[in-house]
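Notes follow once the structure below has been shown.
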Amino acid sequence: MASLYFVTGTDTEVGKTYCTAKTVERLRECGQRVGVYKPVASGCELRADGQRYSVDATTLWQAAGRPKNIDAVCPQRFIAAVSPPRSAAKEGAQVDTRRLRDGLAVWCDGEFDVVMIEGAGGLFSPISDDWLNVDLAIEMKRWSDQDGHSFELLLVAPDRLGVLHHVISTSRAAEAAGMPITGLILNRMDDSGDDSTQTNADDLRQWCGIPMIASVQHAGGPLVVISGANDGNASEETSRETACGVNFLNQTTIRR
Ligand SMILES: Nc1ncnc2c1ncn2[C@@H]1O[C@H](COP(=O)(O)OP(=O)(O)OP(=O)(O)O)[C@@H](O)[C@H]1O
Ligand SMILES: C[C@H](N)[C@H](N)CCCCCC(=O)O
Ligand SMILES: [Mg+2]
């Protein structure tokens with residue numbers, strides 16, 4: 001049975017793809033067979049040959065070693081850089097809501113140990129005419145429970161001033177929706193940082209109790225996975241295994 005991780009964000013453009021790709025690469029270096037699924041992408045490029053090119057889907061697919069094919073990675077790809085339902089509507093189309101969830105099954109056929117799923121935009125961004133990202137996560141968890149897989153919701157947030165509000169509000173809304181966030185990835189998106197980056201992680205541990213499972217440094221720096229005890233007290237970084245420039249505290253966070 002596979003370990004499924006739905007990667008969402010506090011917003012669009014916060015590093016979901018970047019951090020997911022880093023995590024995929026690290027998992028593969030640790031011998032994990034990793035599948036990747038982007039249920040729907042907008043902001044795609046229409047190529048001369050008629051192909052719809054999604055940077056997100058291609059980035060994840062390449063990080064995972066090109067498993068299956070790009071259509072399995074991202075079955076629904078639209079052009080306008082707006083929410084997927086709006087993007088589809090601009091083409092006179094609709095996002096196929098049921099297919100968003102059903103497209104996961106092909107990745108859960110026993111070929112992969114871990115499947116990383118990237119949403120579109122933030123957790124409460126519309127992903128179809130009927131669902132927000134959180135609704136898709138709930139449906140996927142329901143399916144995963146029935147099919148015997150583990151399913152967790154990971155939140156990517158930029159490590160900068162303002163992140164406390166974004167993470168606390170997103171985590172409380174997720175809790176209220178019945179889809180609690182089980183891991184936080186703080187993403188240092190630029191080298192400079194600001195005064196808050198020294199204390200954001202500690203403040204979020206205090207206010208949210210979400211295990212922070214990783215922080216990603218800027219510009220190709222290490223992915224630091226901090227295995228958070230699920231009792232909400234993120235364990236101190238005790239020992240680190242460093243390989244290929246990526247610090248991975250231990251594997252328990254991403255279950256084998
Ligand atoms: N830690 C980082 N270091 C360097 N560049 C980063 C980092 N995190 C994100 N970026 C860059 O910032 C941009 C936005 O990141 P990314 O595309 O991963 O965001 P996203 O949340 O997946 O966006 P979307 O909502 O469109 O899917 C990309 O160009 C990405 O390469
Ligand atoms: C086009 C962009 N890069 C993402 N793929 C879609 C972001 C949708 C955000 C919707 C919203 O919450 O306002
Ligand atoms: Mg992305």
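- Exactly one of L27, D113, V115 qualifies for a side chain to side chain contact (heavy atoms under 4.5 Å, CB included) with R33. That residue is D113.
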Q: Report the C-alpha separation of D130 and T97 in whole Å, then their side-chain angles, then the decisive distance to 0.1 Å, and conclude whether the side-chain hydrogen bond (donor to acceptor under 3.5 Å, both in side chains) test is met.
A: CA-CA 7 Å; D130 313 299; T97 299; 2.9 Å; yes
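- With salt bridges taken as basic N to acidic carboxylate O contacts below 4.0 Å, none links D102 and R99.
- With 3.5 Å as the limit, one finds no donor-acceptor pair spanning the side chains of S54 and D56.
- From K38, atom NZ reaches atom CZ of R77 across 12.5 Å, with rounding to the nearest 0.5 Å.
- Salt bridge absent: R160 and D194 never bring a charged side-chain N and a carboxylate O closer than 4.0 Å.
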Q) Could you go step by step and tell me if R26 and E29 meet the salt bridge (Lys or Arg N to Asp or Glu O under 4.0 Å) rule? A) CA-CA 5 Å; R26 188 68 192 95; E29 286 155 8; 3.2 Å; yes
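- Each of N187, N200, T197 was compared with D159 under the side chain to side chain donor-acceptor pair (under 3.5 Å) criterion, and only N200 meets it.
- For the atom pair L104 CG and E139 CD, the distance stands at 12.0 Å (nearest 0.5 Å).
- The number of heavy atoms from other shown groups lying within 6.0 Å of CG (D195) does not exceed 12.
- Among D11, V134, L132, L136, the single residue meeting the side chain to side chain contact (heavy atoms under 4.5 Å, CB included) criterion with L123 is V134.
- With a 4.5 Å cut-off on side-chain heavy atoms, Y5 and V34 do not count as touching.
- Q94 and D129 share a donor-acceptor pair across their side chains, judged by distance under 3.5 Å alone.
- At a threshold of 4.5 Å between non-hydrogen side-chain atoms, the residues C208 and V167 count as touching.
- Between F112 and W107, the ring planes lie tilted relative to each other; the angle falls in the 30° to 60° range.
- Between I117 and T20 the shortest side-chain heavy-atom distance does not fall below 4.5 Å.
- The side-chain heavy atoms of V7 and M116, taken from C-beta on, include a pair separated by under 4.5 Å.
- A salt bridge is absent between E25 and K22; no separation between the charged side-chain nitrogens and carboxylate oxygens falls under 4.0 Å.
- No side-chain heavy atom of Y37 sits less than 4.5 Å from a side-chain heavy atom of K68.
- H149 NE2 to L4 CG: the interatomic distance, rounded to the nearest 0.5 Å, is 6.0 Å.
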